[in-house]
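Right, one structure below, let's go through it.
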There are 2 protein chains.
Amino acid sequence: MLTIADIAKKAGVAKSTVSRYLNNGSISEDTKKKIEQIMNDTGYSPNAFAQSLKAKKTNIIGTIVPRLDSYATSRTLIGIDEQLREQNFQMLVSNTSQNLEREIDNIYTLAKQKVAGIILLATQITDEHLEAFTQVEVPVLLVGQQHEKVYSLIHNDFEAAYHLGKYVLSKGHRKIAYLGVSQQDIAVGINRKEGFQKAVSEISCDVQYYEAGFNISSSLEIVPTIIDEFNPSIIVCATDNLAIGAMKAAYSKGMDVPKDISVTGFGGYEVTEMMHPGVTTVKFFYKEAGVIAAKKVLRLIRGDDTERLTLSNFELIERESVDKK
Amino acid sequence: MLTIADIAKKAGVAKSTVSRYLNNGSISEDTKKKIEQIMNDTGYSPNAFAQSLKAKKTNIIGTIVPRLDSYATSRTLIGIDEQLREQNFQMLVSNTSQNLEREIDNIYTLAKQKVAGIILLATQITDEHLEAFTQVEVPVLLVGQQHEKVYSLIHNDFEAAYHLGKYVLSKGHRKIAYLGVSQQDIAVGINRKEGFQKAVSEISCDVQYYEAGFNISSSLEIVPTIIDEFNPSIIVCATDNLAIGAMKAAYSKGMDVPKDISVTGFGGYEVTEMMHPGVTTVKFFYKEAGVIAAKKVLRLIRGDDTERLTLSNFELIERESVDKK
DNA sequence: CTGAAAGCGCTTACAG
DNA sequence: CTGAAAGCGCTTACAG
């Protein structure tokens, strides 16, 4: 393994000069060429530990995720990773298994590891979060949730839900069950619901609101009751998983989707396309959001200015799970 | 941020003594207690960069994955991460986006980063791989593929496929399409196929073999042709994704699964349960395999002996996508 | 533009 | 069992 001293000797200069070359300090064209030559010949690359020890920072971006086995998470990570790699940064992912406490811990741990920045795929922001953000002197970017005190990148949940609501109404549905999630989750629990509410408020119709957990089995449980008690013509679900569970539940009751009941999802998971019937849903661009997120932390790190809140786009995807009434 | 010098001063000992405490060298009960006390009071934790620079190794396990957005990958990573965390090791994941060259590069890069070990979620092992394994002086564990020269953990593809084949036959199917993948992939392309072949060789029946890529759309393309030309009573797919595509394709042709044609998957992805009908498949225990993998590299690192090849278990899950003939 | 020197926070022979 | 010193591979004022 070559060190900076080896390069310096070969080039006939001092270590500091080589270091300057590496850190784009001012050096003459001549020495620059000489060093460049040797770098190429030897394939030297600096020892990251030594760099970090001295410079007290790294080119690592810590990414904290609530879970690894989610389509949204995976795709977002791919986007982050790609962009970071391009800029010679490295992604370090830290999984919290939906444990909020571990999320807080991770913020401190990553900071201690001297990461250059932190991207948090957030579910909710507590006071402990805010405390941690101010304690650590590392730029933090929220993805998926927003908070006025922190730089955030969110999917346009409100607009998307409004859009989807209008679409559902345009299909003639007037007896609608909305299956949402806990309001602790601002983006999914509140923004989506409110966007939808705005849409249905603009026309006279019968809407009932229900709440489930985040997993498929949770909607599998509640949907039969919804059908028995309310018998809607459509179930609008706050996530694709909920929609998948709803469809499964409908089938179990011997109903056909969309003939007997329509269903919509939210998120645009790949699997919604592969189901039968395909699930009408709002698609978010997770990978693209990841790319934007990476660019945004990098700006934060470099001190370039960037907007407080960035909105990522959406697209309504019409498939077969919604019937015209 | 406290350094080892601060602790030493507070404890009235030399830095080397504190270092010995940290690295369980021999020190007296007395000084041990004193230092322990101060550690607790101050919440000191050593600078990982300095440690790595000196000790020339880390407590990081590099994990190379071909893709991030796969159920198998995600679940395996979760298992690895959990186990590593428990043992005070850290997981660094590196995504190659199915680029073999990047896979090789990553082996060298991780080694240069002084990771303590490497776990490779492998797809195929080339000579360049073997070359890299011997070059780097870091323990390497293969997961999902085996090679006689490398420590490996695989799912029991052959047995599982044999088992599934017997099951299909027991359901009365005698005109069977097997939809496999490239034989470059030993585990999925060869072992599964051969296990299945062994099963069908034990009884007289009509079997045709086909090959697709790894994604849903690939089977979506080929399955209509299979149905038109061969018209099997069942399509046995080498992966769940292929099965999902096959079902979608069947529906598109106006056929009902399982009434008109049966389908089986392989892998036990969560979504197979949520489809309608549920997909009969072989389930692998990815997360558990991840845990075992982590334990295994740790043994390798510590020089404890461990078996060359470890087999992870499977379970046949009967659902509704297979009809009795 | 360039070099010599100090120092980042650890670990590890070497003596005692 | 313990301490003083050297050194891991870099970076960064400080002089020139």
Checklist entry - B:S28 near the nucleic acid: base, sugar-phosphate alone, or nothing, with a heavy-atom cut-off under 4.0 Å? => result sugar-phosphate
Next on the checklist: Looking only at the side chain of A:S19 (C-beta and beyond, no hydrogens), which of the listed nucleotides D:dC1, C:dC10, D:dT11 gets closest?
Outcome noted: D:dT11
Checklist entry - What's the spacing between A:R75 CZ and A:F285 CZ if we round to 0.5 Å? => result 11.0 Å
Checklist entry - Rounded to whole angstroms, how far apart are CD on A:Q51 and P on C:dC8? => result 18 Å
Checklist entry - For A:H129, what residues pass the side chain to side chain donor-acceptor pair (under 3.5 Å) criterion, not counting sequence neighbours? => result A:E103, A:T126
Checklist entry - Expressed in angstrom and rounded to an integer, what is the separation of A:K54 atom NZ from C:dC10 atom C1'? => result 14 Å
Checklist entry - Between atom CD1 in A:I4 and atom P in D:dC10, what is the gap in whole Å? => result 5 Å
Next on the checklist: With side-chain contact (heavy atoms from CB on, under 4.5 Å) as the test, pick out the partner of B:L110 among B:L92, B:L120, B:I61, B:V138.
Outcome noted: B:L92
Next on the checklist: Between A:K287 and A:E82 (salt bridge meaning N to carboxylate O under 4.0 Å), is one present in this structure?
Outcome noted: yes
Checklist entry - Between D:dC1 and B:S26, is there an OP1 or OP2 to side-chain N/O distance shorter than 4.0 Å? => result yes
Checklist entry - Is the shortest side-chain N to carboxylate O distance from A:R85 to A:D81 below 4.0 Å? => result yes
Item to check | Per B:R20 side chain, nearest of listed nucleotides D:dT11, C:dT2, D:dA4 | outcome: D:dA4
Checklist entry - Reckon B:I27 touches a base, only the sugar-phosphate, or nothing at all at heavy-atom distances under 4.0 Å? => result sugar-phosphate
Item to check | Gap between atoms NZ and P, on A:K114 and C:dC10 respectively (whole Å) | outcome: 10 Å
Checklist entry - Regarding A:S28 and A:T31, is there a side-chain donor-to-acceptor distance under 3.5 Å anywhere? => result yes
Item to check | Salt bridge flag under 4.0 Å for residues A:D69 and A:R67 | outcome: yes
Item to check | Nearest-nucleotide comparison on DNA chain C, the residue closer to the 5′ end among B:S16 and B:F49 | outcome: B:F49
Next on the checklist: Looking at A:T31, I'd like to know whether one of its side-chain N or O atoms comes within less than 4.0 Å of OP1 or OP2 on C:dC1.
Outcome noted: no
Next on the checklist: Rounding to an integer number of Å, can you tell me how far A:K34 NZ sits from C:dC1 P?
Outcome noted: 15 Å
Checklist entry - Contact class for A:S52 (heavy atom, under 4.0 Å): base, sugar-phosphate, or nothing? => result nothing
Checklist entry - Atom CG of A:D6 and atom P of D:dC10: how far apart are they, to the nearest Å? => result 9 Å
Item to check | Separation of C:dT12 C1' from B:N23 CG (nearest whole Å) | outcome: 10 Å
Checklist entry - So A:H155 and A:Y286, ring-ring contact (aromatic ring centres under 6.0 Å, His included) or not? Walk me through it. => result CA-CA 9 Å; A:H155 300 286; A:Y286 299 106; 5.2 Å; yes
Checklist outcome for this item: Whole-Å distance, B:N47 CG to C:dG7 P, equals 18 Å
Checklist entry - With a non-hydrogen cut-off below 4.0 angstrom, is A:Y21 in contact with a base, only sugar-phosphate, or nothing? => result nothing
Checklist entry - What is the nucleic acid contact for B:T3, judged by heavy atoms within less than 4.0 Å: base, sugar-phosphate only, or nothing? => result sugar-phosphate
Checklist outcome for this item: Writing each nucleotide of DNA chain D 5' to 3' as (, ), [, ], | or . by Watson-Crick or G-U pairing under 3.5 Å yields |||.||||||||.|||
